[in-house]
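Down below is the structure, laid out as structure tokens.
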Amino acid sequence: MDFNIAVLGGDGIGPEVTAEGVKILQAVAGAFGHGFNLEYGDVGGISIDRHGTPLLPEVQDLAGSADAVLFGAVGGPKWDDPAAATRPEDGLLQLRSHLGVFANIRPVKVYPNLAEANVLKPEVLAGVDMVVVRELTGGLYYAQPKGRHETPQGRSAVDTMRYSEGEIERVLRVGFELAQGRRGKLASIDKANVLECSRLWRQIATRLGQEYPEVELEHVLVDACAMQLIQHPARFDVIVAENTFGDILTDEAAVLSASMGLLPSASLAGVPVAGRKIRGFYEPIHGTAPDIAGQGIANPVASTLSVALMLRYSLGLTEEAASVERAVEQVLDAGYRTPDIAVSDYRRVSTTEMGDRIAHTIAA
Ligand code: IPM
Ligand code: MN
């Protein structure tokens, strides 16, 4: 089959790792006989530099009309002036909102033979296999009022956390559906001891829980969750959290996998159901890593696994997705390591070598 894929590399290591993601798509095309028509666009800092805005309307349209979007990362010190009128990140937030991708799915996996590269003890990591569902188009990131003001007492700033019942329900439903197909456990994250949004969230989670009697629901306060993620991570199956909590918890969860460079994400505009294709936006959870950009040492696995999620959720290519995931495991099993996960010089490889290894391992 033929598919249109929008490719938006962005800034820093974004373009480097996205190029490897594209390499993986091409390997899948060759092995399984599909056609991927790639359409490239600028987003983020590079778009500010070239076009004066982090997202041109035509790039937004390109993303909106594609079967799926492969995204890299945006941002960097060059555009970090707190007084700047626009930021690279605005382009990403606009895209997520425009595409309506409210459910950001971030699977967290532990590769046993990366234990040496992990700062945590192997016994803590035993049995870790979870999925974090992060609400992506609401909360503090988007709600109004938002801004900075001069006042007679000095400057003040405001961000607003606001959620509607509908926004909360749809993302929790994604969590319940995923839990049903997994170990049947859902941790709903909130700060209900302090925040109104969280109290509404907890009520809705409890109500939805009645529709899913086979899923064991627990409410966990976000601060306690942060601790338990490191202390007893294996207890979690599916975690659902609002936008900001989910952002913070998933960087923490990346530590379980040994490196930020390994974690992919799928942002979906609907509930994932086997056999149904959903509009999606696919990006590593890591950022632009300006300190290593342009050196050819970034880990392309997060982008590669994001491609696998794209094949599964937006293109309906389940077997192809599994073959990409298997290829990553085989290459890691064979000992190939980018510097972020290497503990010696043995089979230490560059970004492109890692991508080549994975691409060559993909088979129908
Ligand atoms: C992420 C990133 C983004 C976010 C930034 C770059 C806006 O940290 O995808 O997790 O906060 O959502
Ligand atoms: Mn983040």
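In each ligand, atom 1 is the first atom listed, and ligand 1 is the first ligand listed.
A donor atom on one side chain and an acceptor atom on the other are not found under 3.5 Å apart for S198 and D190. Residues S265 and N104 bring a donor and an acceptor atom of their side chains to less than 3.5 Å of each other.
From E20, atom CD reaches atom CD of E353 across 10.0 Å, with rounding to the nearest 0.5 Å. Here L262 contributes atom CG and S257 contributes atom OG; the two are 6.0 Å apart, rounded to the nearest 0.5 Å.
Counting only protein N, O or S atoms, the number found under 2.8 Å from the Mn ion (ligand 2) is 1.
A salt bridge links R199 with E196: the closest approach of a Lys/Arg side-chain nitrogen to an acidic carboxylate oxygen falls below 4.0 angstrom. Taking the charged nitrogens against the carboxylate oxygens, R162 and E167 have no contact shorter than 4.0 Å, which rules out a salt bridge.
At a 4.0 Å heavy-atom cut-off, the residues surrounding ligand 1 are E89, R96, R106, R134, Y141, D247, listed by chain and number.
Residues forming a side chain to side chain donor-acceptor pair (under 3.5 Å) with Q203 (at least two apart in sequence, or on another chain): none.
Sorted by first and then second residue, the side-chain hydrogen bond (donor to acceptor under 3.5 Å, both in side chains) pairs involving residues 272-281 (not counting sequence neighbours) form an empty list.
Ring geometry for Y212 versus F176: interplanar angle under 30°, hence parallel rather than tilted (30 to 60°).
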